[in-house]
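The following block contains the structure, expressed as structure tokens.
Just the heavy atoms: all of them, side chains too, but no hydrogens, waters or symmetry mates, feed the values below. In what follows, every chain begins at residue 1, and chains take the letters A, B, ... in the order their sequences are listed.
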Number of protein chains: 2
Amino acid sequence: MGRRKSYNRNELIAKAMTVFREHGFAGASADMLVEKLGVNRYSLYAEFGSKQGLFDAALERYEEEFVGRRFGPLERPDAGLNEIRALLAFYGERGPEAAGGLGCLLCNTAVEFGPLDPSGAGFVQAYFERLFSAFKTALSNAKAGGALRPGADIESEAGFFTSSVIGMFVMLRAKAPEAMLKGASNAAIAHLEWLRV
Amino acid sequence: MGRRKSYNRNELIAKAMTVFREHGFAGASADMLVEKLGVNRYSLYAEFGSKQGLFDAALERYEEEFVGRRFGPLERPDAGLNEIRALLAFYGERGPEAAGGLGCLLCNTAVEFGPLDPSGAGFVQAYFERLFSAFKTALSNAKAGGALRPGADIESEAGFFTSSVIGMFVMLRAKAPEAMLKGASNAAIAHLEWLRV
DNA sequence: TGTTTTTCAGAATGATCGTTTAGTTATATG
DNA sequence: CATATAACTAAACGATCATTCTGAAAAACA
């Protein structure tokens, strides 16, 4: 039995999420990670194998925590239009100071890497599918309960809401003017209310 | 009078746009730029001063050509809902194979740099303002001509359409499933038609 | 033809990159 | 207390980075 670890893996991943969210994968150097995570580089490589390995762990954690927290409510069997509305309102109310220009890590990664998937883990595609599916689930529930306007195309509406929230993530990331963000959320909510019968 | 240039500045910028669009700023090395632009590195630095200078020229060109081409129609004094519809249809019909997973250079840059503006030229903020303003112009024209549903909040709708197209740019960039993209465009168009009287 | 000027081709510079290494330190066990 | 083991510290490694430099080549002019 040798020297005990003076770091906690989960804490490292949590800090890494913030660094990668702010700087991207390419913009976050190993030196920066060492400094901001407060751990020596030997332990970083021992624990995660590589910078890419740490990045993958951060993406996975982000999916579980952040995406799960925000989109989980839409995935519940009893989810409906109210859950969608709460989500849209949440993002619209945040304003440019919220999350300090970080945006969504998975959305940022989608843009940074484009169609490439260096680790082959498919985090970005899974993310898109999850958002799309969450909206479809909630809309389908609303339809089954007779709460959705007849003739509403669930596939289209789900794609629409997915692209709306992704657009909001980009605006949050780049600290776009607040009027744009609030407008985006308000109009999306108005459209949602129109869908409701 | 000495040796003549064997490169054309405008051609270099056009090629640079594609390289930066695909790889981002950080992901495009000087070696890569030299190779793909077909020019020697001395000329590159002589012409643009730095990699950042070339990048800025690419952003400016992109704004003029691509953003101008797509959003220019919305900025015309006679622009209305038809121009918005054509724009949404254009992006929705492209599919994941279009533009080879490139997305929109300015949108990609917004995500890559977040709130930072290394060159201080404000290209990203100007881009957001332009998109927002273009939608506002077209919607205002429609309202003035009595073609817009009474009570429609132009600021909200403009923010909404801005976030929708930005969301589509991210989907195009990351080659998201085609159903999501088509759905996003179709629902946005349906919403636009609902706004029309 | 020689000279001057500009661009090209390739190498070099100093710094940074991701990752590994070697010596030291801290811990548990016998 | 001595030993073995694991983590820490700091440096090093080989490669890449953006930018500059140097000699060669190409062009126009006298």
On the 0 to 90° scale, with breaks at 30° and 60°, tag the B/Phe169-B/Tyr91 ring pair as parallel, tilted or perpendicular.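 Rings of B/Phe169 and B/Tyr91: perpendicular, as their planes differ by over 60°.
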Is A/Glu64 atom CD crowded by more than 12 heavy atoms from other residues, nucleotides or ligands, each under 6.0 Å away?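 Counting other residues, nucleotides and ligands, CD of A/Glu64 exceeds 12 neighbours.
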Check whether any side-chain heavy atom of B/Val165 sits under 4.5 Å from a side-chain heavy atom of B/Phe161, and report yes or no.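 In short, these two side chains do not touch, never coming nearer than 4.5 Å.
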In whole Å, what is the span from the CZ atom of B/Phe20 to the C1' atom of D/dA18?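 Distance, rounded to whole Å: 12 Å.
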Both A/Val39 and B/Gly27 contact DNA chain D. Taking the nearest nucleotide for each, which residue is further toward the 5' end?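 Upstream on the strand: A/Val39.
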Round to a whole Å and report the spacing from NE2 of B/His23 to C1' of D/dC17.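 B/His23 atom NE2 is separated from D/dC17 atom C1' by 16 Å.
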So which protein nitrogen or oxygen atoms get under 3.5 Å of nucleotides 18-20 of chain C's nitrogens or oxygens?
residue, atom, partner, partner atom, Å
C/dG18, OP1, A/Lys51, NZ, 2.5
C/dG18, OP2, A/Ala30, N, 2.5
C/dT19, OP2, A/Tyr45, OH, 3.2
C/dT19, OP2, A/Lys51, N, 2.8
C/dT19, O4, A/Arg41, NH1, 3.4

I'd like to know whether the aromatic ring centres of B/Phe160 and A/Phe160 sit less than 6.0 Å apart in this structure.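 Yes: the rings meet the under 6.0 Å criterion.
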Calculate the interatomic distance between B/Glu35 atom CD and D/dA18 atom P; express it in whole Å.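 About 14 Å, once rounded to whole Å.
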Whole angstrom is fine here: how far is it from CG in A/Asn40 over to P in C/dA26?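 The distance from CG of A/Asn40 to P of C/dA26 comes to 14 Å, rounded to the nearest Å.
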Distance check needed: D/dA10 P versus A/Leu44 CG, whole Å only.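 A/Leu44 atom CG is separated from D/dA10 atom P by 16 Å.
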Gap between atoms CZ and P, on B/Arg3 and C/dT6 respectively (whole Å):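 Spelled out: CZ on B/Arg3 to P on C/dT6 is 14 Å.
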Linking I/L/V/M/F/W/Y whenever their side-chain heavy atoms sit closer than 4.5 Å, directly or via other members, would A/Leu181 and A/Phe90 fall into one cluster?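 Yes; tracing contacts between hydrophobic side chains, which count when under 4.5 Å, links both residues.
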Report yes or no: do A/Asn10 and A/Arg61 form a side-chain donor-acceptor pair below 3.5 Å?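 Indeed, the side chains of A/Asn10 and A/Arg61 share at least one donor-acceptor pair under 3.5 Å.
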Between atom CD in B/Glu47 and atom P in D/dT20, what is the gap in whole Å?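 Interatomic distance, CD of B/Glu47 to P of D/dT20: 15 Å.
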Quick one: A/Arg4 CZ to C/dA26 C1', roughly how many Å, whole number?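 In whole Å, C/dA26 C1' lies 11 Å from A/Arg4 CZ.
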